[in-house]
Amino acid sequence: MTDWKSINWFDPAALISRHFSVHEALWLPKWGRLASAEDGLNDHVKEQLVRLADLMDEVRELLGVKVIVHCWYRPKRYNELTHGASGSAHQCEGDWAAIDFHVRFEGCEVPASCSRARAALLPKLAEIGLRMENNGPDAVWIHLDTRPPVHSRYFKP
Ligand SMILES: [Zn+2]
């Protein structure tokens with residue numbers, strides 16, 4: 001695992017794992033900037049983001065296509081602004097983090113690509129140590145997180 005203390009979190013291009021960058025983990029589109037310490041980005045959050053990034057490397061390699069990140073860390077205030085679920089795993093309030101992304105397989109539109117990726121990931125969730133949202137066959141994104149499963153690793157939002 002990448003040592004989260006050795007990462008320059010101010011450099012958007014810095015890698016936090018083999019495949020993922022500070023920009024992907026911290027970019028807040030609606031605010032047009034990276035999340036910062038003032039937003040709650042502390043050592044605990046950084047550690048959770050890197051832990052998920054390592055698992056996302058496995059996901060990336062399992063799927064064999066580029067992962068296009070929509071949203072990773074969401075500070076509490078940002079989560080409220082974007083009407084995220086209260087207590088959303090994207091806020092990294094406990095020992096966990098969450099990511100939303102899409103993939104696109106060649107010759108396959110995004111919704112079908114996401115369905116195909118979900119089907120590929122489903123039998124691997126326990127092995128990799130992830131939960132996945134069952135957000136329906138038409139959803140154009142995949143949500144994965146490192147929160148401990150309550151009933152199932154594949155859960156309804
Ligand atoms: Zn999500």
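A quick note: this is a predicted structure, and the numbers were derived from the prediction, not measured. First listed ligand is number 1; within each ligand, the first listed atom is number 1.
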Open item on the list: Under 2.8 Å from the Zn ion (ligand 1), is there any N, O or S atom belonging to His90?
Closed with: yes
Open item on the list: Below 2.8 Å, can you find an N, O or S atom of Asp145 next to the Zn ion (ligand 1)?
Closed with: no
Open item on the list: From the N, O or S atoms in Asp100, identify the one nearest to the Zn ion (ligand 1).
Closed with: OD1
Open item on the list: Show me the pairs that pass salt bridge (charged side-chain N to carboxylate O under 4.0 Å, His left out) and involve residues 105-114, at least two apart or across chains.
Closed with: Arg104-Glu109
Open item on the list: Taking side chain to side chain donor-acceptor pair (under 3.5 Å) as the definition, give me every residue that meets it alongside Arg147, ordered by chain and number, with sequence neighbours left out.
Closed with: none
Task: Pairing of Arg18 and Glu61 as salt bridge, 4.0 angstrom limit - done: yes
Open item on the list: Strictly distance-based, threshold 3.5 Å: is any side-chain N or O of Asp3 a donor or acceptor partner for the main-chain N or O of Lys5?
Closed with: yes
Open item on the list: For N/O/S atoms only: which one belongs to His143 and is nearest the Zn ion (ligand 1)?
Closed with: ND1
